[in-house]
Structure formats: C-alpha cells, structure tokens
Amino acid sequence: MSILPFDDRDGVIWYNGKLVDWRDANFHVLSHALHYGSCVFEGQRAYGGNIFKLHEHSERLIYSGDVLGMDVPFTADELDAAADEVVKANGLVDAYVRPVAWRGSEMMGVATKGSKIHVAIAAWEWPSYFGEEAKKKGLRLEIAKWKRPAPDTAPTNSKAAGLYMIASLCKDASTANGYDDALMLDYRGQVAEATGANIFFLKDGVLHTPTPDCFLDGITRRTAIELAGKRGIKVIERAIMPEEMADFEQAFITGTAAEITPLSQIADYTFEVGEMCMNMVHDYDDLVNGRIT
C-alpha cells in the first residue's frame, strides 16, 4: 500500500498560532533543533472527534520543554484549543495528533540563547500502530542492542526528540530480524520499555511494570494502571530483570500509538494472549470511545 509522504499532503497544520497549508509548514535547514536535538513532542489520539486526555498531553509538552530549557510560548489551554482546531479543520474524526516544539534558526551552535521556540500541531488518519490483528495474536519482540540512558546522562523525564534516535535504531533492527518491535533494557540491564511504549507483565493475578525512573511514565501507562485497579488487579511498580520473564504468564505494552497491545514473545520468552490482556484491550477501547468512564 502506497503511503503519502508527510511533506506533500492536503490539509492544514497549526503553526505558531495560525492554520497554514500543509505543504507550507516548513522550517529552515539551519534550525537548532535539526542539528542539536532541541525539540520536544507529543503523540495524541482523537476518538470520535475527541482527543483522549488532551490536557495532560498539552501540560506534558510544556513540561518537556521546561526540562530542555525551552519556554513553550503557549499555555496548555491554548494548545488544547489548537489541537481541537486542527482535527476539526482537517475533517478528522479518528486521528493521530502530533504537537511539536523546537528551537529555530536564529542561532547556530551548541548555545541556545537568542533562539526562538516554534510550535506546530498536525493531525492525520492513522490506524492502530501495530494493527488490529496484533491485539488478537500478540506482538513478537526481540531484546534491543541499545539501552535507555541513565537520568544523569540525558533528560529522560522529557519527551525529547533526541531520546528517540536509539528507539529508531532498535525498531529498524527488530523489524529487519522479523520481529514487530524491541524491548529496551536500561543502563542497569533492567527491563525498561519497548521502543515507544511501556510494558506490563502478569504473574499469579498481579501485574508488574518497571519503575519509570529513566524513561517516561506514559499517559497510557497510567491509564492502564487505573483500568487494572477497576478490575481489582494489583499493579506493582518495581525493578524487573530480563530473566524474570521466564515466569510471567501474560504481557502487554501501552502507548498512545500502540494503545494496549498484548505480547506473545520477547526473545526466547513466550506469553499467553489471555483473558487479562484481552480485558485490558477492551476496557481501554471502551474508555477512549466514551463507553465507560
């Protein structure tokens, strides 16, 4: 199936406070963000025209900017309104929404003083990241070569674009090796997350998930913990070593793009796509589509 390039589409993008033609939403090749990674972003989903947990995403974009010393020049309420405007202006109902903030081309060099912060929001139709069939069969992951860095070596509590370079390397390697994605360990060798999603494991009726001390505590991750609680499922956040996966019965990943998707395999470890996983998939689908609160 042919996919349109993202620079040549019909529609509009919200750019620094106004809607512009999709093809005109450009920036200069000497922008600081391109050379030094001074960029933060969000991933959001609209269901039935409503963006799920929109305000939390807007607040996190501003927070991520603060971590990088970037003062995002819009309030969370203004970002909320802009995201809603983009979805509506493009005639979208179910959509992926991408806000991004970056340093411009006013300065070139490691120093950032004097650079302007730009903000854009785009939206487009994008089905489930791994496909609906994956929610029935479960994903296959390999263990990645690259590791999540320590929090004193990178701004790990920010959704910073530069942190995703190693995720791209891991994702490309895993698909080349016949897997759907990769499990990334952290700098200590503990289980961290998939390339763009958090991870949960089931054992003896209890869910276990890594403590997010060097990677994002995802909005969907927190939602999954809430949904598990409503079903009376205890969730333990703790350090998890890779060899523990031999004893886990079920597993799933969570993220705005991935939503909640079960796993069937990580390297040599296998998991059942069982009742708990499917309940979580259905509960999340009901929540984002307004069938439950």
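Source: prediction; values computed, not measured.
- The backbone N or O of Ala267 sits less than 3.5 Å from a side-chain atom of Gln265, completing a donor-acceptor pair.
- A donor-acceptor pair is defined here as one N or O able to donate and one able to accept, closer than 3.5 Å; no such pair exists between the side chain of Arg148 and the backbone of Thr156.
- At distances below 3.5 Å, not a single donor-acceptor pair connects side-chain atoms of Gln250 with backbone N or O atoms of Leu202.
- The pair Lys88-Glu85 fails the salt-bridge criterion, with no side-chain N (NZ, NE, NH1 or NH2) lying under 4.0 Å from an Asp/Glu carboxylate O.
- Other residues, nucleotides and ligands contribute only 12 or fewer heavy atoms inside 6.0 Å of the CE atom of Met165.
- Salt bridge annotation for Arg188-Asp213: present, with a cationic side-chain nitrogen under 4.0 angstrom from a carboxylate oxygen.
- Ring planes of Phe271 and Phe201: tilted class, angle from 30 to 60°.
- For the 3.5 Å distance criterion, the side chains of His32 and Ser115 fail to qualify, holding no donor opposite an acceptor.
- Aromatic ring pairs are classed by plane angle as parallel below 30°, tilted from 30° to 60° and perpendicular above 60°; the pair Tyr47 and Tyr284 is perpendicular.
- Listed here is the closest heavy atom pair of Ala144 and Cys170: CB-SG, 3.4 Å.
- Looking at Glu259 and Lys135, a side-chain N of the basic residue comes within less than 4.0 Å of a carboxylate O on the acidic one, giving a salt bridge.
- Considering Thr220, Ile260, Asp180, Ile199 in turn, Ile199 is the only one that fulfils the side chain to side chain contact (heavy atoms under 4.5 Å, CB included) rule with Ile253.
- A donor-acceptor pair is defined here as one N or O able to donate and one able to accept, closer than 3.5 Å; such a pair exists between the side chain of Arg45 and the backbone of Ala257.
- Inter-residue side-chain proximity for Ile219 and Thr256 is flagged as unmet; no heavy-atom pair is nearer than 4.5 Å.
- His118 places no side-chain N or O within donor-acceptor distance of the main-chain N or O of Arg103, the cut-off being under 3.5 Å.
- Environment of CD in Glu125: sparse, with no more than 12 heavy atoms of neighbouring residues, nucleotides or ligands closer than 6.0 Å.
- Within a 6.0 Å radius of CH2 in Trp146, other residues, nucleotides and ligands contribute 12 heavy atoms or fewer.
- Annotation: side chain of Leu183 is in contact with side chain of Met245 (closest heavy-atom distance under 4.5 Å).
- Within the 4.5 Å cutoff, no side-chain heavy atoms of Tyr179 are placed close to those of Lys171.
- Ring-plane geometry between Tyr129 and Trp126 is classed as perpendicular, the angle between the planes exceeding 60 degrees on a 0 to 90 degree scale with a lower cut at 30.
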Return a table of donor-acceptor pairs under 3.5 angstrom between the side chains of residues 20-31 and protein atoms on other chains or two or more places apart.
residue, atom, partner, partner atom, Å
Asp21, OD2, Arg23, N, 3.0
Trp22, NE1, Phe6, O, 2.7
Arg23, NE, Asp8, OD1, 2.6
Arg23, NH1, Arg9, O, 3.0
Arg23, NH1, Asp10, OD1, 3.1
Arg23, NH2, Asp8, OD1, 3.3
Arg23, NH2, Asp10, OD1, 3.0
Asn26, ND2, Arg23, O, 3.1
His28, ND1, Leu30, N, 2.9
Ser31, OG, His28, O, 2.8

*Pair Glu193-Asp186, side-chain contact (heavy atoms from CB on, under 4.5 Å): steps then yes or no*: CA-CA 8 Å; Glu193 60 178 350; Asp186 68 14; over 6 Å; no
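- Using modelled atom types, no side-chain atom of Ser64 and backbone atom of Ser158 make a donor-acceptor pair closer than 3.5 Å.
- In summary, Arg222 and Glu56 engage in a salt bridge, as defined by a charged side-chain N under 4.0 Å from a carboxylate O.
- Under the 4.5 Å side-chain criterion, counting only non-hydrogen atoms from C-beta, Leu79 is in contact with Val119.
- A salt bridge does not link Arg231 with Glu275: every distance from a Lys NZ or Arg NE/NH1/NH2 to an Asp or Glu carboxylate oxygen is 4.0 Å or more.
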